[in-house]
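Note that the structure is predicted; figures quoted are calculated from it, not measured. Residue numbers count from 1 along this sequence.
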Amino acid sequence: QVQLMESGGGLVQAGSSLRLSCIASGRTFSSYTMGWFRQAPGTERDFVAAMDWNGANTDYADSVKGRFTISKDNTKNTVYLQMNRLEAGDTAAYYCAADYRPDGGTGRDTREYDYWGQGTHVTVSS
């Protein structure tokens, strides 16, 4: 089992930055692809970014490419999502997810991820 806990959400103005963190506990963190997803009220949970266990592969949704950066610190069992130039459309609950992939690679489908955090809310005022 892997337990995930997100933090770092909040209320910010458009154009601001936030950094989300997700701490993993349980099994070895280093063999997992980590993903960030977000869900606005009344919508489906959408892919935001993902990184495989050694950082060799990253992937971003087109809507955040160039503004968001995913990173990992395997020594701290933590994955980050640096969000810059935030827009009102980024308002959502953000979820961290883990998928056991010792061979690497990333995924965009929520069904590929076995473990999820409880989410942290980001509200961007325009």
Side-chain angles (χ1 to χ4, degrees):
Q1 288 288 337
V2 175
Q3 293 80 42
L4 304 173
M5 180 176 292
E6 304 94 338
S7 63
L11 171 62
V12 296
Q13 291 187 332
S16 300
S17 297
L18 274 178
R19 188 177 78 160
L20 305 183
S21 300
C22 173
I23 297 176
S25 60
R27 295 190 175 225
T28 304
F29 180 72
S30 60
S31 299
Y32 284 79
T33 285
M34 301 301 296
W36 285 98
F37 292 77
R38 66 187 182 186
Q39 187 169 20
T43 70
E44 295 185 348
R45 191 168 296 187
D46 293 329
F47 169 77
V48 175
M51 173 180 279
D52 60 6
W53 70 270
N54 63 357
N57 295 286
T58 57
D59 188 22
Y60 296 91
D62 288 346
S63 59
V64 307
K65 198 171 295 183
R67 299 188 297 122
F68 291 11
T69 304
I70 187 172
S71 61
K72 291 176 71 183
D73 186 338
N74 286 339
T75 65
K76 296 181 179 179
N77 279 7
T78 301
V79 62
Y80 305 97
L81 185 68
Q82 178 67 43
M83 306 186 295
N84 298 329
R85 303 197 309 276
L86 283 160
E87 304 168 353
D90 296 319
T91 295
Y94 282 73
Y95 297 89
C96 172
D99 176 32
Y100 183 68
R101 291 195 191 205
D103 294 334
T106 60
R108 295 187 167 204
D109 195 325
T110 58
R111 294 170 295 182
E112 299 178 70
Y113 291 81
D114 299 316
Y115 304 101
W116 293 84
Q118 293 300 306
T120 185
H121 288 268
V122 174
T123 302
V124 183
S125 63
S126 57

Could you grab the distance from atom [atom1] of [X] to atom [atom2] of [Y], nearest 0.5 Å is fine?
X	Y	atom1	atom2	value
D109	R45	CG	CZ	12.5 Å
T91	H121	OG1	NE2	11.5 Å
S16	D90	OG	CG	11.5 Å
W36	L81	CH2	CG	6.0 Å
S31	N54	OG	CG	10.0 Å
S7	Q118	OG	CD	13.5 Å

[X] vs [Y] side-chain heavy atoms within contact, under 4.5 Å:
X	Y	result
L86	L18	yes
T106	T58	no
T78	M34	no
L4	C96	yes

I'd like to know if the side chain of [X] pairs up with that of [Y] as donor and acceptor (distance under 3.5 Å, no hydrogens or angles considered).
X	Y	answer
Y80	R19	no
N84	S17	yes
S125	Q13	no

Could you tell me whether the side chain of [X] and the main chain of [Y] form a donor-acceptor pair under 3.5 Å?
X	Y	result
R67	R85	yes
Y60	A50	no
E6	G119	yes
W53	P102	yes
S63	A61	no

**Request:** Compare every heavy atom of V2 with every heavy atom of A24, then report the nearest pair and how far apart it is.
**Result:**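 In this case the closest contact between A24 and V2 is CB-CG1, 4.2 Å.
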
**Heavy-atom pair with the smallest gap, counting every atom of R38 and A92** =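 Heavy-atom minimum between the residues: CB-CB, 3.8 Å.
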
**Prompt:** Looking at T33, N57, D52, which one forms a side-chain contact (heavy atoms from CB on, under 4.5 Å) with R101?
**Reply:**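 Answer to the side-chain contact (heavy atoms from CB on, under 4.5 Å) test with R101 among T33, N57, D52: T33.
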
**Prompt:** If you link I, L, V, M, F, W and Y whenever their side-chain heavy atoms are under 4.5 Å apart, who else ends up in the same group as F37?
**Reply:**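 Hydrophobic cluster check, F37: joined to F47, Y95, Y113, W116.
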
**Message:** Membership question, hydrophobic clusters at under 4.5 Å side-chain separation (ILVMFWY): are M83 and I23 in the same one?
**Reply:**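 No, separate clusters.
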
**Asked** Linking I/L/V/M/F/W/Y whenever their side-chain heavy atoms sit closer than 4.5 Å, directly or via other members, would M5 and Y32 fall into one cluster?
**Response**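 Each belongs to a different hydrophobic cluster.
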
**Request:** List the steps and the verdict of side-chain contact (heavy atoms from CB on, under 4.5 Å) for V12 and T123.
**Result:** CA-CA 6 Å; V12 296; T123 302; over 6 Å; no

**D46/R108 salt bridge by N-O under 4.0 Å criterion** =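 Not counted as a salt bridge, because no side-chain N and carboxylate O are separated by less than 4.0 Å.
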
